[in-house]
Amino acid sequence: MRIALVSEHASPLAVLGGVDAGGQNVHVAALATSLAAAGHVVDVYTRRDAPGLPERVPFAPGVTVIPVTAGPEAVVPKDDLLPLMGEFADALAAAWIADRPDVVHGHFWMSGLASLDAAGRVDLALGGHLPVAQTFHALGVVKRRQQGARDTSPAERRFLEPDVARRADTVVATCSDEAFELKGFAVPSARIAVVPCGVDTAHFTPDGPVAPRTERLRLLTVSRLVPRKGVGNAIEALGRLVRAGVDAELVVIGGAGDADHLETEPETERLRAVIDAEGLQDRVVLAGSIEHGELPAWYRSADVVICAPWYEPFGIVPLEAMSCGRPVVATSVGGLIDTVVEDVTGLHVPPRDPEALAEAVGGLLADPQRRRRYGRAGRSRAATRYSWSRIAADTLRVYGRLTDRERLALRTGEA
Ligand code: UDP
């Protein structure tokens, strides 16, 4: 199959951990690579966000990243990208009319918008129907519910996103919670498939180098530094544990830049204030952004990995932790409801509840045997259910249904 993945703001080429670079970048890169490993040809279309990028960038065997010119050749925050999507769609349509893929898969609502626009033009120019699958990665309706007036998404997202969901040939939700939300958009269940994100189980392994650590019990968070990731709640939970006599520390990984350049981010200042208020200056390390390749060693150095977002469309970090054989304490939100199994691979707590978080983490820190049991079960769950080869196979089944349907329609048309 010739597969076009469209990811307007999240390029596989981007640096991870910054405000707009996170799970979607990892997802698109890994999905593309594993689809190609299964014998398919994959082009990833992303906005040209730096000067001097070549027309086509070989990314992995069978995978090419195609930077599309739309707006300035510079980083533009994703909330400012909507006005550029017309130009982006023009370029997609031209590329696909010249060389038609078999299936298109949009990632994020704006990519879906541009993909549907371009695919419609391909149908007019070439006949037939170019099928479009859509993965949202995040839903505006959830973001708005959580962030209210602080949601900086363009106002049009409110009606354009549900429209993309209804017009796509299929919506690939990443978790059951998202599938449930999509029904609110009046997307028929038959057009919703659930395929989770995956994890590189060969890279994130329980055994291997371990990052330096102290004698203290180590808690770890890995995330972009934005308030909704709940890093502040993890610090507050550590404060409670330390006051209760637990000798623990927290390593916070993430942020735009390394440990010495974090000051530029507003969230860092907020977190430093929480650290000061809790008197934890010597027990919390803001480690900054760590290269994805080096993360396994950090996961392995942790006794418990905390994922405490207020909401989370999917959340790849708990899978990475599980794949490294580490127990996870996670809030019961979004994709974390599916990935972390209560009292099997970790524990669930309500969001924004440092007290409950401290209790769950404290119980685990006091019980090394249970930590090991959760860790082993996490590794096994990640390897059997969330390997990228399995996710690629599930995704290919979805594409196969779409291309079969197209072939059937063409045959019926001919008859
Ligand atoms: N990540 C990283 N280095 C960092 C911070 C994050 O490589 O310093 C990666 C992390 O390993 C994970 C991704 O960024 O693969 C974050 O994905 P997740 O789905 O958990 O959250 P998102 O950022 O998409 O909201």
Side-chain angles (χ1 to χ4, degrees), residues 7 9-31 33 78 107-108 135-140 142-143 146-147 153 173-175 177-178 196-205 211 220-231 234 251-262 265 267-268 271 285-302 305-324 326 328 330-331 333-340 346 351 382 386 388 391:
S7 178
H9 72 276
S11 166
L13 309 172
V15 179
L16 295 171
V19 172
D20 280 346
Q24 188 179 331
N25 304 65
V26 174
H27 179 109
V28 171
L31 179 64
T33 307
K78 70 172 183 280
H107 291 264
F108 203 60
T135 294
F136 284 101
H137 291 272
L139 287 176
V142 178
K143 195 173 180 190
Q146 294 290 335
Q147 299 199 347
S153 303
T174 54
C175 64
D177 187 56
E178 186 189 348
C197 300
V199 62
D200 183 344
T201 52
H203 178 58
F204 290 96
T205 56
L220 179 77
T221 64
V222 178
S223 74
R224 288 175 295 132
L225 289 192
V226 290
R228 68 121 173 138
K229 289 290 185 179
V231 177
V251 176
V252 174
I253 291 180
D258 58 24
D260 299 330
H261 298 89
L262 276 170
E265 284 194 79
E267 177 64 356
T268 320
L271 292 179
V285 179
L286 298 182
S289 173
I290 303 276
E291 239 183 78
H292 202 60
E294 289 173 22
L295 276 180
W298 287 90
Y299 284 117
R300 291 181 200 121
S301 79
V305 175
I306 297 180
C307 302
W310 302 340
Y311 68 97
E312 186 63 271
F314 181 78
I316 294 182
V317 165
L319 281 188
E320 292 171 350
M322 285 160 59
S323 194
C324 287
R326 288 297 170 271
V328 179
T331 46
V333 297
L336 279 52
I337 300 169
D338 293 357
T339 49
V340 178
Y386 296 99
W388 274 111
I391 303 309

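Below, all heavy atoms of this structure are taken into account, side chains as well, without hydrogens, waters or symmetry copies. Each ligand, and each atom within it, is numbered from 1 in the order the structure gives.
Taking any N or O of Ile316, backbone or side chain, at least one lies under 3.5 Å from an N or O belonging to ligand 1. Checked against a 3.5 angstrom limit, the closest N/O atoms of Phe204 and ligand 1 fall outside it.
With a 4.0 Å heavy-atom cut-off, ligand 1 is reached by the side chain of Leu295 but not by its N, CA, C or O.
In the vicinity of Gly315, heavy-atom distances shorter than 4.0 Å reach the ligand 1 atoms 19 (O), 20 (O). For ligand 1, the atoms closer than 4.0 angstrom to any heavy atom of Glu320 are 10 (C), 11 (O), 12 (C), 15 (O). Residue contact check: Val26 has heavy atoms under 4.0 Å from atoms 15 (O) of ligand 1. Within ligand 1, counting atoms from 1 as listed, the ones closer than 4.0 Å to a heavy atom of Gly254 are 8 (O). Ligand-side atoms of ligand 1 in range of Arg228: 25 (O), range being under 4.0 angstrom from any heavy atom. Near Ser289, meaning under 4.0 Å from one of its heavy atoms, ligand 1 places the atoms 8 (O).
The residue from Gly23, Ser223, Gly255 that puts a heavy atom closest to atom 17 (O) of ligand 1 is Gly23. The closest heavy-atom contact to atom 3 (N) of ligand 1, among the options Leu319, Ile290, Leu336, comes from Ile290. Of the listed residues (His27, Lys229, His292), the one carrying the non-hydrogen atom nearest atom 7 (O) of ligand 1 is His292. Closest to atom 23 (O) of ligand 1 by heavy atom, among His137, Arg224, Glu312, Gln24, is Arg224.
No donor-acceptor pair under 3.5 Å is formed between the side chain of Arg224 and the backbone N or O of Gly23. Counting only distance, with no hydrogens or angles, the side chain of Ser323 and the backbone of Leu319 share no donor-acceptor pair below 3.5 Å. Using modelled atom types, no side-chain atom of Arg228 and backbone atom of Pro309 make a donor-acceptor pair closer than 3.5 Å. In this structure, Asn25 contributes its side chain and Ser11 its backbone to a donor-acceptor pair below 3.5 Å. Judged by distance alone, with hydrogens and angles left aside, the side-chain atoms of Glu178 form a donor-acceptor pair with the main-chain N or O of Thr174 at under 3.5 Å.
Using the six-membered ring where Trp is involved, Phe108 and His9 have ring planes that are perpendicular, over 60° apart on the 30 and 60° scheme. Using a 30° and 60° split on the angle between ring planes, Phe204 and Tyr299 fall in the perpendicular class, above 60°.
Looking at heavy atoms from C-beta onward, Val251 lies in side-chain contact with Trp298 at the 4.5 angstrom threshold.
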Original post:
Going through the checks in order, is the side chain to side chain contact (heavy atoms under 4.5 Å, CB included) test met by Val199 and Met322?
Top reply: CA-CA 10 Å; Val199 62; Met322 285 160 59; over 6 Å; no
